[in-house]
Novice: 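Can you keep this structure in mind? I'll have questions shortly.
We number each residue from 1, following the sequence as shown.
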Amino acid sequence: MALKIRPERCVVAVDGPSGSGKSTVSRRLATAVDGVYLDTGAMYRAVTWAVLQAGADLADPDAIAKIALETELSIGTDPTSPHFAANGTNVDAQIRGSEVTGAVSAVAAVPPVRKHLVALQQAIIAAHPRIIVEGRDIASVVAPDADLKVYLTASAAARASRRSAENATDVAATEADLARRDRLDSSRATDPLRQASDAIEVDTTGMGIDEVVQQLLSLLDSKVSK
């Protein structure tokens with residue numbers, strides 16, 4: 001399906017909990033609209049990797065903030081091969097490991113870290129006329145004026161099954177870890193995970209990737225055709 005209208009500028013915000021399909025759907029959508037893709041969660045993961053490399057105490061927000069502000073991030077926005085580097089080191093594999101996954105919520109909860117990375121994200125959005133941005137606070141904080149705001153969700157069982165298949169991990173353990181991260185990210189004081197009031201909820205339980213992408217294309221088409 002192709003968009004009937006191809007506006008010069010198009011920003012799509014995709015939020016939702018882990019395992020809802022945000023990354024895969026957002027990358028496919030970016031390709032479909034000939035745009036770029038930004039994984040904001042990977043930015044927090046890259047900073048978390050730098051924090052862990054520095055041996056900082058995860059209970060010390062000042063130390064975390066200092067490292068975040070000093071970390072040089074390189075962010076690739078090609079939806080077919082997004083990449084991330086921190087201080088010149090490619091961290092594509094490292095940021096998906098269990099150590100970073102276990103620490104990222106603590107790092108992402110530090111207000112100066114969020115302020116710094118949100119500013120970087122907004123600069124990237126401004127520099128690309130057609131962009132799909134995914135994360136947990138995109139529609140509510142990062143891109144409140146996005147052309148389309150979508151909140152992807154799915155049942156806890158479906159999300160755990162998808163993530164465990166991706167990472168070759170135990171389903172029950174994965175479901176517990178997803179619940180832990182969602183609880184932490186939803187309860188943090190700054191920019192918590194939540195559905196923006198004007199975001200369209202799409203439940204991906206039982207849906208294939210292509211089906212979800214087609215639905216988002218239809219939603220976007222209806223938005224830009226008005």
Novice: Answer yes or no: is there a donor N or O on one side and an acceptor on the other, between the side chain of Thr31 and the main chain of Arg27, under 3.5 Å?
Specialist: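 Present.
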Novice: Answer yes or no: are there more than 12 heavy-atom neighbours, outside Glu99 itself, under 6.0 Å from its atom CD?
Specialist: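 No - once you tally the heavy atoms of other residues, nucleotides and ligands closer than 6.0 Å, there are 12 at most.
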Novice: In this structure, would Val133 and Val202 fall into the same cluster of hydrophobic residues linked by side-chain contacts under 4.5 Å?
Specialist: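 As far as the 4.5 Å side-chain criterion goes, Val202 and Val133 are not connected within one cluster.
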Novice: Quick one: CG on Leu217 to CG on Asp221, what's the gap to the nearest 0.5 Å?
Specialist: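 So the CG of Leu217 and the CG of Asp221 are separated by 8.5 Å.
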Novice: Does the pair Asp210/Arg28 count as a salt bridge with the N-to-O cut at 4.0 Å?
Specialist: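 Answer for the salt bridge query: yes.
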Novice: Do the side chains of Trp49 and Leu120 join up, straight or via other hydrophobic residues, at under 4.5 Å, putting them in one cluster?
Specialist: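 Linked, Trp49 and Leu120 end up in one cluster.
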Novice: Where is the tightest heavy-atom contact between Thr48 and Val100, given as atom of each residue plus distance?
Specialist: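 Between these two residues, the closest heavy atoms are CG2-O, 3.9 Å.
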Novice: Step by step, work out the side-chain contact (heavy atoms from CB on, under 4.5 Å) result for Asp145 and Val11.
Specialist: CA-CA 8 Å; Asp145 297 324; Val11 178; over 6 Å; no
Novice: Shortest non-hydrogen contact from Ala154 to Thr204?
Specialist: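 What the structure gives for the nearest pair is CB-OG1, 3.5 Å.
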Novice: Evaluate the side-chain proximity of Leu152 to Val150: yes if any heavy-atom separation is below 4.5 Å, no if none is.
Specialist: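 SC-SC contact between Val150 and Leu152 confirmed.
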Novice: Looking only at heavy atoms, what is the nearest atom pair of Asp92 and Phe84, with distance?
Specialist: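 Closest approach of Asp92 to Phe84: OD1-N, 2.6 Å.
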Novice: Is a side-chain donor-acceptor pair under 3.5 Å present for Thr205 with Asp203?
Specialist: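 Present: a donor and an acceptor within the cut-off.
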Novice: Is a side-chain N or O of Thr71 found less than 3.5 angstrom from the main chain of Ile67, in a donor-acceptor match?
Specialist: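 Such a contact is found between Thr71 side chain and Ile67 backbone.
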Novice: Where do Ile132 and Leu38 land on the side-chain contact (heavy atoms from CB on, under 4.5 Å) test, with the steps shown first?
Specialist: CA-CA 6 Å; Ile132 313 300; Leu38 178 61; over 6 Å; no
Novice: Would Asp39 and Arg136 pass as an ion pair if we require N to O under 4.0 Å?
Specialist: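 No.
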Novice: Are the side chain of Asp15 and the backbone of Ala139 linked by a donor-acceptor contact shorter than 3.5 Å?
Specialist: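 Yes: the side chain of Asp15 pairs with the backbone of Ala139.
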Novice: Could you tell me whether the side chain of His128 reaches within less than 4.5 Å of the side chain of Thr77, counting heavy atoms only?
Specialist: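 Yes, side chains in contact.
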Novice: Do Ile209 and Val12 share a hydrophobic cluster (ILVMFWY, side-chain heavy atoms under 4.5 Å, transitive)?
Specialist: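 Same hydrophobic cluster.
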Novice: Between Val51 and Val104, is there a shared hydrophobic cluster once you connect ILVMFWY residues whose side-chain heavy atoms come closer than 4.5 Å?
Specialist: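 Yes; Val104 is reachable from Val51 via cluster members.
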Novice: Looking just at side-chain N and O atoms, do Ser23 and Glu134 make a donor-acceptor pair shorter than 3.5 Å?
Specialist: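 Yes, a side-chain donor-acceptor pair sits under 3.5 Å.
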Novice: If you compare all heavy atoms of Ser20 against all heavy atoms of Arg159, which two are closest, and at what distance to 0.1 Å?
Specialist: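 Taking Ser20 first and Arg159 second, the nearest heavy atoms are N-CG, 4.1 Å.
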Novice: Taking all heavy atoms of Asp57 and all of Ala59, pick out the closest pair and write down the distance.
Specialist: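 In this case the closest contact between Asp57 and Ala59 is OD1-N, 2.8 Å.
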Novice: If you apply the rule side-chain contact (heavy atoms from CB on, under 4.5 Å), what do you find for Tyr44 with Val113, and how did you get there?
Specialist: CA-CA 8 Å; Tyr44 287 98; Val113 173; 4.2 Å; yes
Novice: Any heavy-atom pair between the side chains of Asn87 and Thr89 that's under 4.5 Å?
Specialist: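 Not touching, per the 4.5 Å side-chain cut-off.
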Novice: Determine whether Val141 and Leu148 fall in the same hydrophobic cluster, where Ile, Leu, Val, Met, Phe, Trp and Tyr are linked whenever their side-chain heavy atoms lie under 4.5 Å apart.
Specialist: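 Different clusters: Val141 never reaches Leu148 through Ile, Leu, Val, Met, Phe, Trp or Tyr contacts under 4.5 Å.
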Novice: Measuring from Leu220:CG to Ile200:CD1, what's the distance to the nearest 0.5 Å?
Specialist: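 Rounded to the nearest 0.5 Å, the CG-CD1 separation comes out at 10.0 Å.
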Novice: Taking atom types as modelled, is there a side-chain donor on Arg45 or Thr101 under 3.5 Å from an acceptor on the other?
Specialist: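 Distance-only check passes for Arg45 and Thr101.
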Novice: Below 4.0 angstrom, N of the basic side chain to O of the carboxylate: do Asp147 and Arg9 qualify?
Specialist: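 No, this pair does not count.
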Novice: I want to check something: taking the side chain as every heavy atom from C-beta on, are Tyr37 and Leu29 in contact at a cut-off of under 4.5 Å?
Specialist: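 Not in contact.
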Novice: Once rounded to the nearest 0.5 Å, what's the spacing between atom CG of Asp78 and atom OG1 of Thr80?
Specialist: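 Going from the CG atom of Asp78 to the OG1 atom of Thr80 covers 3.0 Å.
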Novice: Measure the shortest side-chain to side-chain distance between Asp137 and Val118 over non-hydrogen atoms and say whether it is less than 4.5 angstrom.
Specialist: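 A side-chain contact exists here, since the closest heavy-atom pair is under 4.5 Å.
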Novice: Roughly how far apart are Asp34 CG and Cys10 SG, rounded to 0.5 Å?
Specialist: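 SG of Cys10 is found 11.0 Å from CG of Asp34.
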Novice: Quick check: closest heavy atoms across Val25 and Val213, and the distance to 0.1 Å?
Specialist: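 Minimum heavy-atom separation between Val25 and Val213: O-CG2, 4.0 Å.
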Novice: For the residue pair Ile124 and Ile75, establish whether any side-chain heavy-atom pair is separated by less than 4.5 Å.
Specialist: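 Contact flag for Ile124/Ile75 side chains = yes.
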Novice: Show the numbers, then the answer: is there a side-chain contact (heavy atoms from CB on, under 4.5 Å) between Ile125 and Val142?
Specialist: CA-CA 9 Å; Ile125 293 170; Val142 179; 3.7 Å; yes
Novice: Is Lys149 salt-bridged to Asp198, cutoff N-O under 4.0 Å?
Specialist: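 Yes, charged N to carboxylate O under 4.0 Å.
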Novice: Find the distance between OG (Ser140) and CD (Gln195) and round it off to the nearest 0.5 Å.
Specialist: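 Those atoms lie 10.5 Å apart.
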